[in-house]
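Read the structure below first, then the notes.
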Amino acid sequence: MLRAMARINENYQKLQAGYLFPEIGRRVRAFTEANPDAAVIRLGIGDVTEPLAPAVVAAIKDAADAMGTAEGFHGYGPENGYGFLLDAILEHDYRTRGIELDASEIFVSDGSKQDSGNIQEIFGSECRVLVTDPVYPVYVDSNVMAGRTGEADDGGRYAGLAYLPATEQNGFSPDPPAEGADLAYLCSPNNPTGAVMTREKMERWVAWARANDTVLIFDAAYDAFIQDPELPRSIYEIEGARECAIEMRSFSKRAGFTGVRCAYTVIPKGLTGTTTSGERVELNALWSRRHATKFNSVPFVIQKAAAAVFSPEGLKQTSEQVAFYMENARRLREGLGAAGFTLFGGEHAPYIWMRTPEGISSWGFFDRLLTETHVVGTPGSGFGSAGEGYFRLSAFNSRDNVDEAIARVSRAFGTS
Ligand SMILES: *Cc1c(COP(=O)(O)O)cnc(C)c1O
């Protein structure tokens, strides 16, 4: 008799042990256990710190009250999101920038982390995937789990994935490569480098995608942090992007929803992939099928909270939160720049990407910063081998902590 066996998905064993943030947590815990009195300032994990906007809190309370009444109770919601939220998204995130989308092209979800990890499911396992290096680890790991890669090499790069280095030379915003790909993940404003794509850069990517029949997966989680109104906030501001790009947005960073959970993915009608026999299939229909099978809509209360972000008070209050973080970013740039550091990003993103001091690796700098200044950041090499020699600081913290971190780091490592 054949013995039954719950064989595991062995692709998971290709994943590198000690994923970045657990490793940071482990080192910080070890330090605080040994130094219980140290006042550690965390500029590491990209989580927001400001409390929810009053307009959002009021919407949550109202919706919770409604749920306790016979008339206001809501069970399972419509799969793609409630009309009130879809309409607000279409109006405020798109129509104001001259983009016409249909409600059926928007899929409300509980997070862009999930969406950017799950989207690969609707593509074939033989698809060639392109990512930038450094990169948001979810794009890579989700493709590893799905079996689109071989093993990782010593530098942490997986066989079968195409990596495009984001370097000082290309302003951390690489041009499309000479060779094509089937799927390409882009993130602008970028986590971790803080770089933002210009209109010309986006046009080159869209032209490349259309010429190569590539699907772009455009992660715009940080669009609200763009300060220059001339810079595109959506890939659909570029002519032709409807035919080649999926866009993802989240309420996490723009409105402090990291613990509330609401995001959305846009898949325009007319954007297609191909079958082995060459037939064109709508990606919107595939994602719709997937969403309906594996997801049961974002809670009514949370969608009300998200819609409140677009109310006049919500827009005002959340843009004040963004301005608060951007002032932190400006101080980090100015203070650490004056101390002699070479810094990038932080102008249209809540992340500062800094060069580590001469001769110190990313993890070496992490350890020294922690032990000598009690400040926690994120080693650039944790986002990819091209991130070695760099370090990410986040602007998500209180003003006092940011000022104190600047003072401590300047004292310990300042060269000017
Ligand atoms: C924070 C972040 C997101 C948002 O994730 P949620 O699951 O919506 O909280 C998406 N992409 C990137 C690159 C991020 O840094």
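Start at 1 and go down the list; that is how both ligands and their atoms are numbered.
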Can you give each donor-acceptor pair under 3.5 Å made by side-chain atoms of residues 242-250, sequence neighbours left out, with the distance rounded to 0.1 Å?
| from | atom 1 | to | atom 2 | distance (Å) |
| --- | --- | --- | --- | --- |
| Arg242 | NH2 | Glu105 | OE2 | 2.6 |
| Arg242 | NH2 | Lys269 | O | 3.3 |
| Glu247 | OE1 | Ser234 | OG | 3.1 |
| Glu247 | OE1 | Ile235 | N | 2.7 |
| Glu247 | OE2 | Tyr94 | OH | 2.6 |
| Glu247 | OE2 | Ser234 | OG | 3.1 |
| Glu247 | OE2 | Arg249 | NE | 3.2 |
| Glu247 | OE2 | Arg249 | NH2 | 3.3 |
| Arg249 | NH1 | Asp223 | OD2 | 3.0 |
| Ser250 | OG | Ser252 | N | 2.9 |
| Ser250 | OG | Ser252 | OG | 3.2 |

Legend entry - Short side-chain donor-acceptor distance under 3.5 Å, Ser398 and Asp400: no
Legend entry - Short side-chain donor-acceptor distance under 3.5 Å, Tyr158 and Gln16: yes
Legend entry - Partners meeting side-chain contact (heavy atoms from CB on, under 4.5 Å) with Asp133 (sequence neighbours left out): Arg157, Tyr163, Ser385, Ala386
Identify each donor-acceptor pair in which a side-chain atom of residues 84-93 lies under 3.5 Å from a protein atom, sequence neighbours left out, and give them as a table.
| from | atom 1 | to | atom 2 | distance (Å) |
| --- | --- | --- | --- | --- |
| Glu91 | OE1 | Arg95 | NH1 | 2.8 |
| Asp93 | OD1 | Arg254 | NH2 | 2.8 |
| Asp93 | OD2 | Arg254 | NH1 | 2.9 |
| Asp93 | OD2 | Tyr264 | OH | 2.6 |

Legend entry - Between His348 and Tyr222, ring centroids under 6.0 Å: no
Inset, instruction - For ligand 1, list the protein residues that place a heavy atom within a distance below 4.0 Å of one of its atoms, sorted by chain and number. - result: Gly111, Ser112, Lys113, Gln114, Tyr136, Tyr139, Cys187, Asn191, Asp219, Ala221, Tyr222, Ser250, Ser252, Lys253, Arg261
